[in-house]
J.: 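To start, I am sharing the structure in question, which I have written as structure tokens.
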Amino acid sequence: MQFFKDLNLAAFTAGFVAVLVGFTSSVAIVFQAALAFHATPAEIASWMWALGIGMGLCSVVPSLWLKKPVMVAWSTPGAAVLATAGLAGGFSMGEAVAAFMVSAALIAVFGVTGWFEKVMNRIPVAIASALLAGVLARFGIEAFVAAQTALPLVLLMLAIYLLGKRLMPRYAVVLTLVGAIVFVAARGQLAWSEVVFSFAMPVFVMPKFTLAAVASLAIPLFVVTMASQNLPGVAAIRAAGYGPDSPGGGIPVSKIITLSGLATLVLAPFGAFSLSLSAITAAICMGKEAHEDPAKRYTAAVCCGAIYIVIGIFGAAITGLLTAFPKELVVAIAGLALLGTIGNGLAAAVKEESHREAALITFLVTLSGVVIAGVGSAFWGVVAGAMALFVQQYGQQRRGEQPFTESAANPGSPSKP
């Protein structure tokens, strides 16, 4: 099978790191969302089953079919919105499931019609790159903030990573992860007591459609998922070179969004609240660290999806295994694995002087983590950058000036798209 010929250790490690980072950084928020609707232990296990199966299949199947890294994850901002709104509104699990289904239907509509992709096509590359860099930079910062509580571990990981990049660049992240695990295991810092073997069984909940749940849960969940998950997800795809102009055709964003919406719709009664494009874990599996050959990086996404399916099947056992790692190890490996993608995003963001200021505004607003009206900083970063770019270009056009580009500075040079 071609997949096994294309797979290497770096790709598998990238898939594992993506799961480790994506899962451990937000699983507590998902649990809080479930508890906000008075979920029983069986229903919480069912949520993990539905989310694991949904994320896994939506990543594995299109990645194998397209031979491109397609990454689907749960919506962490969406889970945060549900946790807050669920407690405030006193909604039942049936009402929550109905809200999941309404949100999923709206996402599928935006995918089928191509409306979301049309909006993304109008966002300049500099703004999209700054958006991605802003989303990922928080993880880069956290990698070094972790030194406050685990200085020896972080210094060791940084040293292994730098030496690995120097001597074995393809396996720098692999070596860093292995070294970190050996270090924390030798110091007895792995919480093996959290690992309990058990299978997760799906629990069906009959949806109960109410206007209050649609207004308070479904609409906010839809808006936050599109703005804070799918928006940076598309930016990650394009920054990694899998956009519509990539060789052999890019990842069909509208079709993947449609797939995520339909998968959520089917699995919502079992606890899948929102499946969407991944940004952070996608960047891990789409970068050079996953595979030197861009045409073979799909193997990292397949590995990630396969592990998600295992998580869904074994539920509590895998949850305990992944959460056994110290928090500092998780944030440090995430930051180091994303360094290359953050650097490439910043380089693309400030490359054109005519877009540089607007891109920096996008980056800083996104990095700030500000939340306004329940919508995260990724959306407001794009809004702020677009407004800045509009004001700059509108003022130039009113004065009859030509916006500065390399071709404007040197009329003899060809213009760049």
Side-chain angles (χ1 to χ4, degrees), residues 18-19 21-23 25-27 29-30 33 47-48 50-63 69-83 99-117 119-120 128 131-132 135-136 217-240 242 251-268 271-286 301 304-305 308 312 366 374-379 382:
V19 173
V21 172
F23 195 90
S25 64
S26 58
V27 68
I29 301 175
V30 176
W47 276 44
M48 299 314 301
L51 290 167
I53 297 298
M55 292 186 297
L57 291 178
C58 288
S59 298
V60 169
V61 175
S63 293
V70 176
M71 298 287 292
V72 171
W74 64 49
S75 173
T76 301
V81 167
L82 292 173
F100 303 164
M101 296 178 72
V102 172
S103 173
L106 290 172
I107 291 173
V109 168
F110 269 69
V112 170
T113 58
W115 292 339
F116 181 71
E117 191 169 7
V119 172
M120 284 300 301
L131 163 68
L132 179 63
V135 170
L136 302 182
L217 298 177
I219 301 303
L221 178 60
F222 164 72
V223 172
V224 168
T225 297
M226 297 301 284
S228 299
Q229 279 287 143
N230 284 328
L231 188 65
V234 174
I237 289 172
R238 296 184 175 178
Y242 297 101
I251 294 174
V253 170
S254 292
K255 292 182 180 179
I256 301 302
I257 289 178
T258 302
L259 175 64
S260 68
L262 293 177
T264 305
L265 193 60
V266 172
L267 293 169
F273 59 91
S274 184
L275 302 174
S276 58
L277 291 175
S278 171
I280 298 161
T281 53
I284 294 173
C285 291
M286 291 180 180
C304 178
Y308 275 134
T366 304
V375 180
S377 60
F379 174 77
V382 173

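Note that the structure is predicted; figures quoted are calculated from it, not measured.
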J.: With sequence neighbours left out, write down each residue that passes side chain to side chain contact (heavy atoms under 4.5 Å, CB included) with Ala108, or none if nothing qualifies.
T.: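 Counting only residues at least two positions away or on another chain, Ala108 forms a side chain to side chain contact (heavy atoms under 4.5 Å, CB included) with Leu262.
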J.: Looking at Gly54 and Leu267, what are the two nearest heavy atoms and their distance?
T.: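 For Gly54 and Leu267, the tightest heavy-atom pair comes out as CA-CD1, 3.5 Å.
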J.: Looking only at side chains, do Thr225 and Ser276 share a donor and an acceptor under 3.5 Å apart?
T.: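 No.
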J.: So Phe273 and Leu51, side chain to side chain contact (heavy atoms under 4.5 Å, CB included) or not? Walk me through it.
T.: CA-CA 8 Å; Phe273 59 91; Leu51 290 167; 3.7 Å; yes
J.: Sequence neighbours excluded, which residues qualify as side chain to side chain contact (heavy atoms under 4.5 Å, CB included) partners of Ala104?
T.: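 For Ala104 the side chain to side chain contact (heavy atoms under 4.5 Å, CB included) partners, ignoring immediate neighbours, are Thr264, Leu265.
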J.: For Phe100, what residues pass the ring-ring contact (aromatic ring centres under 6.0 Å, His included) criterion, not counting sequence neighbours?
T.: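 If we apply the ring-ring contact (aromatic ring centres under 6.0 Å, His included) test to Phe100, skipping adjacent residues, the hits are Trp47.
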J.: May I have the step-by-step check of side chain to side chain contact (heavy atoms under 4.5 Å, CB included) for Val382 and Thr366, ending in yes or no?
T.: CA-CA 8 Å; Val382 173; Thr366 304; 6.0 Å; no
J.: Let me confirm one number: the CG-CG distance from Leu259 to Leu275, rounded to the nearest 0.5 Å.
T.: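 The CG atom of Leu275 is 9.0 Å from CG of Leu259, to the nearest 0.5 Å.
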J.: Once you round to the nearest 0.5 Å, how far does OG1 of Thr76 lie from CD1 of Ile280?
T.: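 One gets 7.0 Å once the value is rounded to the nearest 0.5 Å.
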J.: Any side-chain to backbone donor/acceptor pair from Ser63 onto Val70? Under 3.5 Å, distance only.
T.: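 Side chain of Ser63 to backbone of Val70: a pair is present.
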J.: Closest approach of Met48 and Trp74, non-hydrogen atoms and distance?
T.: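 Minimum heavy-atom separation between Met48 and Trp74: CE-CZ3, 3.9 Å.
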J.: With rounding to the nearest 0.5 angstrom, report the CG to CD1 distance, Leu277 to Ile256.
T.: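 Atom-to-atom, Leu277:CG and Ile256:CD1 are 7.5 Å apart.
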J.: I'd like to know whether Tyr308 forms a side chain to side chain contact (heavy atoms under 4.5 Å, CB included) with Val72, so could you lay out the CA-CA distance, the side-chain angles of the two residues, the decisive distance to 0.1 Å, and finally the verdict.
T.: CA-CA 10 Å; Tyr308 275 134; Val72 171; over 6 Å; no
J.: So, for Pro77 and Val224, which heavy atoms are closest and what is the spacing to 0.1 Å?
T.: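 Where Pro77 meets Val224 most closely, the heavy atoms are CB-CG1, 3.3 Å.
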J.: For the residue pair Leu221 and Gly78, what are the closest heavy atoms and their distance?
T.: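 Scanning both residues, the minimum pair turns out to be CD1-CA, 3.6 Å.
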J.: Going by ring-ring contact (aromatic ring centres under 6.0 Å, His included), name the residues that satisfy it together with Phe116, two or more places apart in sequence or in a different chain.
T.: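 Scan of Phe116 (ring-ring contact (aromatic ring centres under 6.0 Å, His included), adjacent residues dropped) gives none.
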J.: Under 3.5 Å, side chain of Ser59 to main-chain N/O of Met71, donor-acceptor pair present?
T.: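 It does not hold such a pair.
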J.: How many angstroms lie between atom CG of Asn230 and atom OG of Ser260, to the nearest 0.5 angstrom?
T.: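 Spacing of CG (Asn230) from OG (Ser260) equals 6.0 Å.
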J.: Ser278: what forms a side chain to side chain donor-acceptor pair (under 3.5 Å) with it, not counting sequence neighbours?
T.: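 For Ser278, the residues satisfying side chain to side chain donor-acceptor pair (under 3.5 Å) (neighbours in sequence not counted) are Thr281.
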J.: For the atom pair SG (Cys58) and CD1 (Ile257), what is the distance rounded to the nearest 0.5 Å?
T.: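 Nearest 0.5 Å value for the SG-CD1 distance: 12.0 Å.
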J.: Can you sort out the partners of Ile53 under side chain to side chain contact (heavy atoms under 4.5 Å, CB included), two or more places apart, ordered by chain and number?
T.: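 Applying side chain to side chain contact (heavy atoms under 4.5 Å, CB included) to Ile53 gives Trp49, Leu57, Ile309, Ile313.
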J.: Is there a side-chain contact between Val119 and Met226 in this structure, where contact means two heavy atoms from C-beta onward sitting under 4.5 Å apart?
T.: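 They are not in contact (no side-chain heavy atoms under 4.5 Å apart), so the answer is no.
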J.: If I take atom CE from residue Met286 and atom CD1 from residue Ile251, how far apart are they, to the nearest 0.5 angstrom?
T.: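 CD1 of Ile251 is found 4.0 Å from CE of Met286.
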J.: Work out which heavy atom in Cys304 is nearest to a heavy atom in Cys285; give both atom names and the distance.
T.: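 Scanning both residues, the minimum pair turns out to be CB-SG, 4.4 Å.
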J.: So which atom in Ser254 and which in Glu117 form the shortest heavy-atom distance, rounded to 0.1 Å?
T.: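 That closest heavy-atom pairing would be OG-OE1, 2.5 Å.
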